Protein chains: 2
Amino acid sequence: MKKITILDIAKELGITFSTVARALNDHPAISAKTKIAVRETAERLNYRQNKIASSLRSGKSNVIGVLVPSLQVTFFSLVVYGIEQVMNANGYNILLYQSNEKLEQEKNGIETFLQSRVDGIIASISTETTEIAHYQEIITRKTPLLFFDRIPTQLNVPSVTIDDYKGGFIATEHLIKQGYKRILHITDEQDISIFKERLRGYMDALLHYNLKIDENLIIRGNFSLAFGKQVIQEAKASGLNFDAVFALEDFTAMGVMQQLLEYKVNIPEEVGVIGFANESFGSLVTPNLSTIDQQALTMGREVAKLFLKQIKDDSLEDHPEQIVLDPILIVRNSSNKKG
Amino acid sequence: MKKITILDIAKELGITFSTVARALNDHPAISAKTKIAVRETAERLNYRQNKIASSLRSGKSNVIGVLVPSLQVTFFSLVVYGIEQVMNANGYNILLYQSNEKLEQEKNGIETFLQSRVDGIIASISTETTEIAHYQEIITRKTPLLFFDRIPTQLNVPSVTIDDYKGGFIATEHLIKQGYKRILHITDEQDISIFKERLRGYMDALLHYNLKIDENLIIRGNFSLAFGKQVIQEAKASGLNFDAVFALEDFTAMGVMQQLLEYKVNIPEEVGVIGFANESFGSLVTPNLSTIDQQALTMGREVAKLFLKQIKDDSLEDHPEQIVLDPILIVRNSSNKKG
DNA sequence: TTGAAAGCGCTAACAC
DNA sequence: GTGTTAGCGCTTTCAA
């Protein structure tokens, strides 16, 4: 089957291919009659624009690169869901790349995006990412760049995040208001800004309510379910005194709950538990897990909208807008001592 | 900043741009010395290949379109995760499109893929999709097309699915072997092939183990958690006699469990429960939910591998390979009467 | 082993 | 309102 180009349509109608091109692009200078004839012929010949040729010539691909750590994480797949919906409705397509939390793959992704001449890049960095030269490169090439959730602190670019500090604060505040006094916090041992912020919120909430910060109650590790269990086991072994746990993630909180239940500790009467992320299982487990919602879907839509705003008005580039969404406290049974 | 092309590299070195192109593509006829010089210069000038130009000329984009109903559904995001991983490792990139279960958007997605001259399309159809003209068009244009999970029955193309019939059979068989005799099955009232298959598996398992099919035990509705609850409420109201439930989805099964627990019915002693899909919450709820795993990740990887196989050997196109994955029975507490 | 030259299908400046 | 023309940056055939 021969490939149909605008030249074929032009020959059919005895006009030139540039007229055809203009007609198809709804150029104002073309007569209605010609437009109709061209469209009818295009339809009949089963013509389909070649976006590659169009992109090469015009310098616009209408594709934006979206880089995420992993679609296995519900949060990221929801953000991508939101981004794709909005961008798609605005004539953009999504080139997807996963870093799998590897710096090397993240660099490859950026490289691919650059070679593919995407019209913009929306990214959330991997946990491994410390150097940011590959992002600097994007800026140098004047390709619009936005971050969401996990952002490199050294860069002054538009972003959408949630206020992790506030999330940490309201989670801790909630526990305090429920009457808990010795609140254990599990955080990540790596220097990841979102986790550091949650920790900072935790500490400020304690101070704000005149509780003192006890370094023994700050446990550094990772956010796996297994680590949550381990923390409780070790706390028991060492005789650590605590009456609530604020875990950096729901999975960690889940491990905490499982181990507490195994030790026949009553939740929330003896120990209160709150997680972070509002994973879908939280409302289904027993007891239900209190948590902080991160507004994944909103974040996806907002970052897409911010992108569209950015390219419409690039005078904004000197003052990159940094949207910070409010985390939402979700109180369920695991921390609801007062009922 | 001026854009660097192979012409710039050529000028730097006093050779022609076609030699540069060959050097960069590791053409065998180019001397090692030239290759090294070219690469060094490319690096120094910060050259980056323009994939758009390359695609236009070569007719290959190294992009494949992936069309899914919605990334909000964990199953699909896991499949995409698997596809992206494998394709990425093989030099392909993913153009992502969501149909949101709408036929119109599905058509738009296919149209975009065709215009973008993707090297292949991997799709899972929307629940609305009945006509398939838009897929016929892909085949006509000789663009490789593969389906996974939800496939149009009228088309003879490569696909990867799981055996839903077998899933229904082994779920039911498991309940029977645990000693349950009056097994209630919740299915969808719409004619969706995967659900019909699960129902067929359920019925055949009953027959195979000499239990008779009782139409009163087959409840038609939807797979929401709320419907699961409703079924148990109505069963109680009508005095329906049953000792196990096989629900078409985990969320439905969850509703069933919640309502049973509310009625103080012991799970699994009095009533056994099994779901379908292996949602992440299944292992975290109390009691743990038995289920059928759909191998989402494997499905993604397999469909990607099948795609690669297909394009390597297009003689296969006359006998499209249709891979059917085995569902996996996951026994947890909710159905484990015998321990 | 390298160079010359054509052209992929389109957009857009300029001409009439 | 439509035609002419020149590329976008690369791959690839043919020639030397």
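Since the model is a prediction, treat every value here as computed from it, not as a measurement. Labels below follow one simple rule: chain letters A, B, ... track the order of the sequence lines, proteins then strands, and each chain is numbered from 1.
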- Message: Base of C/dG3, side chain of B/Arg22 - is there a donor-acceptor contact under 3.5 Å?
- Response: yes

- Query: Can you find a donor-acceptor N/O pair under 3.5 angstrom joining the side chain of A/Arg48 to the base of C/dG9?
  - Reply: no

Could you tell me whether [X] contacts a base, only the sugar-phosphate backbone, or nothing, with contacts defined as non-hydrogen atoms closer than 4.0 Å?
X       : result
A/Ser18 : base
B/Ile15 : sugar-phosphate
B/Thr34 : sugar-phosphate

- Message: Under a plain distance cut-off of 3.5 Å, with no hydrogens placed, do A/Asp164 and A/Gln294 share a side-chain donor-acceptor pair?
- Response: no

- Task: State, without any angle test, whether B/Tyr97 and A/Asn88 hold a side-chain donor-acceptor pair at a distance under 3.5 Å.
- Result: yes

- For the side chain of B/Ser61 and the backbone of B/Arg117, is there at least one donor-acceptor N/O pair under 3.5 Å apart? yes

- Query: Closest nucleotide of DNA chain C for B/Pro28 versus for A/Ile52: which of these residues is on the 5' side?
  - Reply: B/Pro28

- Sorted by position of nearest nucleotide on DNA chain C, 5' first, the leading residue of B/Phe17 and A/Leu7 is B/Phe17

Protein-nucleotide distance ([X], atom [atom1]; [N], atom [atom2]), rounded to Å:
X       : N      : atom1 : atom2 : answer
B/Asp26 : C/dT1  : CG    : P     : 13 Å
A/Ile9  : C/dG9  : CD1   : P     : 13 Å
B/Arg57 : D/dT13 : CZ    : P     : 8 Å
A/Leu24 : D/dT2  : CG    : C1'   : 15 Å
A/Asn50 : C/dC8  : CG    : C1'   : 8 Å
A/Lys51 : C/dC8  : NZ    : C1'   : 18 Å
B/Ile6  : D/dT12 : CD1   : C1'   : 12 Å
A/Asp8  : C/dC10 : CG    : C1'   : 13 Å

- DNA chain D: B/Leu56 or B/His27, which has the more 5' nearest nucleotide? B/Leu56

For the side chain of [X], counting heavy atoms from C-beta on, which of [options] is nearest?
X       : options                : answer
B/Thr19 : C/dT2, C/dC8, C/dG9    : C/dT2
A/Asn25 : D/dT12, C/dT11, D/dC10 : C/dT11
B/Ser31 : C/dT2, C/dG3, C/dT11   : C/dT2
A/Ala29 : D/dC10, C/dC10, D/dG1  : D/dG1

- Can you tell me if the side-chain N/O atoms of A/Thr16 get under 4.0 Å from OP1 or OP2 in D/dG3? yes

- Is it true that A/Glu128 and A/Lys107 have a side-chain N and a carboxylate O under 4.0 angstrom from each other? no

- List the atom of B/Phe148, the atom of B/Val303, and the distance in Å for their closest heavy-atom pair. CB-CG2, 4.3 Å

- Would you name the heavy atoms of A/Ser124 and A/Arg150 that are closest together and state the gap between them? OG-N, 3.3 Å

